[in-house]
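For reference, the structure is listed below as structure tokens.
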Amino acid sequence: MTAPSGRVLQRGRTPARVVLTWAASTAALVVLDRWLGAFDMPSWWQPPLIALLLGLLTGVVWPLVMRVALPLAFFTLGLGSFLLLGAAVLGLSFLVPGVVIADLRTAVVVGVAMAGVSGLVSSVLALDEDELFFRRARRRARGTAEGEPCPPGVLFLQIDALSYDTARRAVRDGSMPNLAAWLRAGSHVLTSWHTDWSSQTGASVCGILHGSNADIPGFRWYDKERDRIVRVSSPTDAAEIERSHSDGRGLLAGGGAGHGNLFTGDAEHVSLTMSSLAHVVPAASRRARQRRERPGTGYYAYFADPGNALRTIAVSLVDVYRELVAAARERRDDVRPRISRGGFYPLARPGTTVISRDVVVFALLEDMFAGRPVAYADFLGYDEAAHHGGLERADSLAVLHSIDQQIGRLHRAAQLAPREYHLVCLSDHGQTQGESFATRFGETVEQLVGRLCGGRGELPAGHLTGPRDSRRLTEGWQVGAALAESGGPIARRLRERVERAEGVPHAHELPAGREGRVPRVAPGVVVAVSGHTAMVSFADMPGQVSLEEIERHWPALLPGLVDHDGVGFLLVHSEEHGPVVLGRDGLHRLATGEVVGEDPLLPYGPHAAGLVARGSTFPHCPDVVVNSRYDPGTDEASAFEPHVGSHGGLGGPQQHAFLLHPRSFRAPGEVVGAEALHRVLRGWLTDLGHPEPTGDGAAVGALSATALRSSGIRV
């Protein structure tokens, strides 16, 4: 990677930084002395001495103290470190004759003010702490650099949910100036890759990092055998999914690092990784680590520095303000589509747009400090903002711009690392925008399915995904009923089949009154929603329930769904024809490729049939899978969750992710599916000279690439 021009490589800046910070801290102490009645420094020589001692404390002693006190920083988002800093400042006051700090509260104020002054001086002078960090790294790694040559390292930087089309426009319009500079200089190439049917982070990241995402039908799905909802975002479920998909040969095996991901990719060094949360996941559920990560990585080390904590809290407050202003502007201008952005959300949003971003960047800098061969990190902020604000609205693009700034920071800092690094940027999927299903039609998809299956009464509150406005819901029932009773050719054909089958005995009769742990939308019927897909399972009937059985027990369900204006297509299994895709005006028999009427998969691209056929083979494929309707004319679809931008199925930008790589890398060609992208990324590492991971000593999961290959299944 070509070294950028600028001050990052200039000499003589560290002494200037120290002197200026010392002077500013001295001046700040004088101001505090006059402002705080409980803080007194009567002599002129005391402020510079205290400033010097505080500098030594935060630069030398403090990191050693936080080695012991890291749990306090972890569980308090860094606020606990301020208390410890205040105690340290209080202790310093006893060392300098004549200095009086009356209580711990005053000491905390002094310590926080000094941390703020140091951060402000660094910002004003455009001094980046990474410079000193990587100069130390270069000195420490000098012995390694002079030994055996090592291949260039690679940072894989995932911008969650950024579609290819949005990335192109953001580069063109100035929202991503660093990526734009690489493309205009010709050092990098921007291309796209096609996601799996389940265009969501769980399936995509598992496939990218572990080379297999078999049997992951959604971000959440119903496990009929255990009567429970599996959630990829649950630490225990994520650990179980990784255990079944890992073979020790993941993308990050062999000394790599992963940060902010759902899965480890067999990395030895992880932080903010869902499947490896030591404080949440029981030890019995976690995969055995080949090497214990040293404490102080990622989140721990970041918030151990009170300056980092103060800076992140300040930026988080700015982000809260921006969110409140953006939501108010949408209401004032009556922007559509939009969703409610009040309540606790403005306070929660900085968790992904600011806090996790800063922690991930800090961890990546540490990876480069240590010369780790490969790292993969997920930046979630844009995904969160686009869910609530839309794909290309001002506040979403502002979050995207902040991520681009951090990528530029990593690119600049890489020039001081002990080994050469290449940066690859990618996304796990895109997002498709539109008014939510519940807002548009007045009822959630769970309510729709429950009504068509004969359910009575209100659904459990925790099982609703849409708004609960009774007025809107009443009007929506009228619209939904009219749509369900319309006369599409496939719905008419399904109703005729039901009429002909009356009186024909079937193998399964439904037990009466059976309850389950998962809320039912109707007796024996469970619906799990995952963005643009809704998965219907019949909990009281074992195995895959056929189309014929569904017609016998729930005759109104399939006709009502295929004729609904918010439904694009259904996947069901026929006893006669195998997996079948049903739409309003036609059907597609996946086993033979036969199409009757208009192909319901036509609006979803040339790969749709193959992707849906693959999903139909999953052991946990639901009995009915509903994909939302996509309108190519407006480029919109109505998600089954209350989002403006959403993903999780087929249709529009959600299925087209982006990939930006150095021009010197081998061209990836057409990439369809996360497993194919894994092979591309692994091939790049091999081309650079990274050894192929052997997986020696690692457990081989039943759904891993190794296990599937040995069973004759092509991956």
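All residue numbers refer to positions in the sequence shown, counting from 1. Atom set for the values below is all heavy atoms of this structure, side chains included, hydrogens, waters and symmetry mates excluded.
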Side chains of [X] and [Y]: is there a donor and an acceptor less than 3.5 Å apart?
X    : Y    : result
S163 : H656 : no
T706 : D247 : yes
Q433 : D635 : no
E692 : T686 : yes
S436 : H643 : no

Between Y630 and Y604, how do the two ring planes meet: parallel, tilted or perpendicular, split at 30° and 60°?
tilted
Do the ring planes of H194 and H607 sit parallel (below 30°), tilted (30 to 60°) or perpendicular (above 60°)?
perpendicular
Just by distance, do the side chain of H269 and the backbone of A363 share a donor-acceptor pair under 3.5 Å?
no
Looking only at the aromatic ring of each residue, does the gap between the centers of F665 and H422 stay below 6.0 angstrom?
yes
Could you please spell out the steps behind the side-chain hydrogen bond (donor to acceptor under 3.5 Å, both in side chains) verdict for D404 and N178?
CA-CA 6 Å; D404 177 84; N178 285 290; 2.9 Å; yes
What residues form a salt bridge (Lys or Arg N to Asp or Glu O under 4.0 Å) with E392, not counting sequence neighbours?
R169
Basic-acidic side-chain contact under 4.0 Å: R349, D319
yes
